[in-house]
Visitor: 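Handing you a structure now.
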Amino acid sequence: MMKTRKGYPVYPLTVAQKFHTYYQNFCPKKEVLNIGTSLTIETELDIEMLKKAIYKAYERCDSMRLRFAADKDGTLYQYVVDKEDREIEYVDFSDKTMEEAAEIMTQWTQVPFKRCDSPMNRIVIIKTPDGFQGVYLLVNHMTMDAQSLICFLKDIIEIYSSSMYEGVEYPKEMSSYIEQLKKDLAYEAGSKAQARDEEFFKKIIDSSEPIYNGIDGAGHLAAERERCKDPELRAAVNVSDSVDSALDIFHLEAEPTKRLMDFCEKYHVSLACLLLMGLRTYFQKMNGNDDVSINTAIARRATLKEKKCGGTRIHSFPFRTIISQDKTFLEGVYEIRDLQNQYFRHANYDPTAYFAYRSKVYPHAPGQTYEPMSLTYQPLTLKDQRFEKLGDIHYKTKWYPNGATTQAMYLTVMHRSDDNGLDFSFEHQVKAVTREQLEYMYYYLCKIMFKGTERPNLPIGDIIKLI
């Protein structure tokens, strides 16, 4: 193994990073790992001061200075360079429409990064046609995830605000990416914790074989059984032969969002539990199965150090629940909460090892799966006390699609910055899932969640009949 690269110590990839390389290798479009976003504020910014704040934020966040290198056999390693002194671009979109500006930033998001020895992010200071100003940020998913990306953007704003406005404190230090990386690598080197986590997941897998639930019902699995001449088959291929993706976003208004959040507060559950309950009940309604599996992402940022260390820490596992229709909605939510808490305790385990073990226990053809979709709930927003001090400054955040996905359907639920309502962003393969199917699913998902939160002691079967 290389010990240093360009004078910097090198480290192996973590499990979370290997997971990304794993599906990028199967994907003809390498931009599949790009995450593009913009944050703009309704105020005239001092561009030079903003540049200084960006350079300072780079200095404070190791993983934004991450580079990759490959050894002779193609194995990737990572290292962190001392400083980032690239010129920060400025683009004024004032002569464009909002749609044209968004289209240009979407194009930026679809340009893959060079893999070795080159920066894995791009920052552009922008002025949008509506007179807002701010930054466009593109990162490679192997170096950042949505939570660390939001953390980084917040850092820029806080550094900028503290230099521009009286009485705004300088933000507290970020934590070390390398320190967390070393902890992850120690865990992976055969620790007791790893053995405990492996035992937990193997037990789940060994218990019994899951079953595939289709977005439109059981027809998809029936067709797969027919195709494979196997009437007992429980898995199906749900991806298409093209990785081209679209992003369809559905907006839930602030008032109904607040009703869902109030329910979560009253019953001490997270919104992620409620979303999982809504989704699994939708699949239960459509397929007639009490047994439902959905891939769920776990951020692995429990401690303050993990929250502020940057990098990518997401592990994604199948989340399977078997909840009969005679249980109440609330019982279902509590069952999900208890299982989620167990998952959080064991979430450092390697998801690729999970899938490898499962495919040994239940062997089937490549591409067949039990999970029709993935869910991520993003609780972090840029809502912050520091903004309150700056008066009522309006700001906008926007995510740009990279145009490729290896999954049939990936739902990310986030809070909007302006009114704290929810955005349901479905990234999906164009040939695997249509917008109409998503509209139908979103409509029923909301009906289930509202009926269930209004009448939590109603049996699930009654909710399915009522909606």
Side-chain angles (χ1 to χ4, degrees), residues 200-240 272-273 275-297 316-327 329 331-333 335-336 338-340 342-343 351-375 406-411 426 428-429 432-433 437-438 440-441 444-445 448 452 459-461 463-465 467:
F200 168 77
F201 281 117
K202 281 187 167 176
K203 209 163 155 184
I204 286 180
I205 293 167
D206 291 337
S207 65
S208 64
E209 187 180 4
I211 189 163
Y212 179 83
N213 291 277
I215 185 171
D216 310 329
H220 193 81
L221 181 59
E224 189 85 0
R225 286 172 168 175
E226 181 74 16
R227 190 177 69 82
C228 297
K229 312 258 182 293
D230 178 358
E232 300 299 305
L233 185 68
R234 296 173 71 87
V237 174
N238 70 338
V239 290
S240 67
C273 295
L275 291 164
L276 280 166
M277 183 63 192
L279 287 166
R280 72 158 317 286
T281 306
Y282 169 80
F283 285 109
Q284 189 171 20
K285 164 188 154 59
M286 297 301 290
N287 293 265
N289 293 325
D290 292 344
D291 184 345
V292 179
S293 291
I294 293 167
N295 279 320
T296 168
S316 189
F317 296 100
F319 190 83
R320 179 190 185 192
T321 47
I322 303 172
I323 303 173
S324 69
Q325 293 198 17
D326 52 13
K327 285 203 167 158
F329 186 82
E331 284 171 332
V333 170
E335 206 163 303
I336 287 169
D338 295 344
L339 185 58
Q340 261 214 319
Q342 290 180 16
Y343 267 58
T352 44
Y354 177 103
F355 287 109
Y357 181 74
R358 188 171 78 172
S359 64
K360 273 201 191 82
V361 180
Y362 310 110
H364 37 68
Q368 289 182 344
T369 181
Y370 306 106
E371 288 77 34
M373 65 176 296
S374 292
L375 169 72
T406 54
Q407 303 184 56
M409 172 170 52
Y410 193 131
L411 168 61
F426 286 93
H428 59 103
Q429 288 184 346
V433 182
Q437 287 173 305
L438 294 172
Y440 183 88
M441 177 171 167
Y444 278 104
L445 169 62
I448 290 163
I460 296 162
I463 289 174
I464 288 172
K465 283 193 198 90
I467 56 169

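Here the structure is a predicted model, which is why all the values come from computation and not from measurement.
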Visitor: Any side-chain heavy atom of L279 sitting closer than 4.5 Å to one from L411?
Guide: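 The answer is yes; the side chains approach within 4.5 Å.
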
Visitor: Does I460 form a side-chain contact (heavy atoms from CB on, under 4.5 Å) with M277? I'd like the steps, not just the answer.
Guide: CA-CA 10 Å; I460 296 162; M277 183 63 192; 3.5 Å; yes

Visitor: Can you name the nearest heavy-atom pair linking L438 to F426, along with the distance?
Guide: CD2-CD2, 3.5 Å

Visitor: If every non-hydrogen atom of M373 is compared with every non-hydrogen atom of M441, which pair is closest and at what distance?
Guide: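 Scanning both residues, the minimum pair turns out to be SD-CE, 3.4 Å.
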
Visitor: Once you round to the nearest 0.5 Å, how far does CG of L221 lie from CG of L233?
Guide: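 Rounded to the nearest 0.5 Å, the CG-CG separation comes out at 6.0 Å.
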
Visitor: So which heavy atom on A235 is nearest to which on Q368, and how close?
Guide: CB-CB, 3.9 Å

Visitor: So, using side chain to side chain donor-acceptor pair (under 3.5 Å) as the criterion, who are the partners of H364 when residues are at least two apart?
Guide: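 Per chain and number, H364 pairs via side chain to side chain donor-acceptor pair (under 3.5 Å) with Y370.
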
Visitor: State whether the number of non-hydrogen atoms from other residues, nucleotides or ligands found under 6.0 Å of E226 atom CD is greater than 12.
Guide: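 No.
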
Visitor: Quick one: OG1 on T321 to CG on D338, what's the gap to the nearest 0.5 Å?
Guide: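 So the OG1 of T321 and the CG of D338 are separated by 12.5 Å.
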
Visitor: Return yes if some donor-acceptor pair links the side-chain N/O of H428 with the main-chain N/O of V433 below 3.5 Å, else return no.
Guide: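 Such a contact is found between H428 side chain and V433 backbone.
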
Visitor: Working note: K327 + E335, criterion side-chain contact (heavy atoms from CB on, under 4.5 Å); need CA distance, chi angles, decisive distance, verdict.
Guide: CA-CA 10 Å; K327 285 203 167 158; E335 206 163 303; 2.9 Å; yes

Visitor: Evaluate the side-chain contact (heavy atoms from CB on, under 4.5 Å) criterion for residues I464 and T281: first the C-alpha distance (whole Å), next the side-chain angles of each, then the deciding distance (0.1 Å), finally the verdict.
Guide: CA-CA 8 Å; I464 288 172; T281 306; 4.0 Å; yes

Visitor: Within this structure, what is the NE2-CE distance for the pair H220 and M286, rounded to the nearest 0.5 Å?
Guide: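 Nearest 0.5 Å value for the NE2-CE distance: 13.5 Å.
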
Visitor: Taking all atoms of both residues into account, what is the closest heavy-atom pair of G452 and F329, and its distance?
Guide: O-CD2, 3.3 Å

Visitor: What distance do E331 atom CD and S324 atom OG have between them, rounded to the nearest 0.5 Å?
Guide: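 Separation between the atoms: 8.5 Å.
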
Visitor: E371 versus F317: any side-chain heavy-atom pair under 4.5 Å?
Guide: no

Visitor: Counting C-beta onward and ignoring hydrogens, is there a side-chain heavy-atom pair between R358 and F355 closer than 4.5 Å?
Guide: yes

Visitor: Got N287 and I211 here, is their nearest side-chain heavy-atom distance under 4.5 Å?
Guide: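 When only atoms from C-beta onward are counted, I211 and N287 do not touch, as no gap falls below 4.5 Å.
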
Visitor: Is there any salt bridge (charged side-chain N to carboxylate O under 4.0 Å, His left out) pair reaching into residues 204-225, and which pairs are they, with sequence neighbours excluded?
Guide: E224-R227

Visitor: For residues Q437 and M409, determine if any side-chain heavy atom of one lies less than 4.5 Å from a side-chain heavy atom of the other.
Guide: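 In short, these two side chains do not touch, never coming nearer than 4.5 Å.
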
Visitor: Any salt bridge (charged side-chain N to carboxylate O under 4.0 Å, His left out) pairs touching residues 286-295, not counting sequence neighbours?
Guide: R234-D291, D291-R320

Visitor: Evaluate N295 against Y410 for side-chain contact (heavy atoms from CB on, under 4.5 Å), listing each step before the verdict.
Guide: CA-CA 9 Å; N295 279 320; Y410 193 131; over 6 Å; no

Visitor: Taking ring pair (Phe, Tyr, Trp, His ring centres under 6.0 Å) as the definition, give me every residue that meets it alongside Y444, ordered by chain and number, with sequence neighbours left out.
Guide: Y440

Visitor: Are the side chain of N213 and the backbone N or O of P372 linked by a donor-acceptor pair below 3.5 Å?
Guide: no

Visitor: Which residues satisfy the ring pair (Phe, Tyr, Trp, His ring centres under 6.0 Å) test with F319, sequence neighbours excluded?
Guide: Y343

Visitor: Listed by chain and number, what are the ring pair (Phe, Tyr, Trp, His ring centres under 6.0 Å) partners of Y357, not counting sequence neighbours?
Guide: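 Here no residue qualifies.
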
Visitor: Check whether Y362 reaches the backbone of I205 with its side chain - one donor and one acceptor, N or O, closer than 3.5 Å.
Guide: yes

Visitor: To the nearest 0.5 Å, what is the distance between CD1 on I467 and CD1 on I448?
Guide: 4.0 Å

Visitor: Counting only N and O atoms by type, is there a donor-acceptor contact under 3.5 Å from the side chain of Q284 to the main-chain atoms of I323?
Guide: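 Pair found, side chain donor or acceptor close to backbone of I323.
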
Visitor: For residues A432 and A408, report the shortest heavy-atom separation together with the two atoms involved.
Guide: CB-CB, 4.1 Å

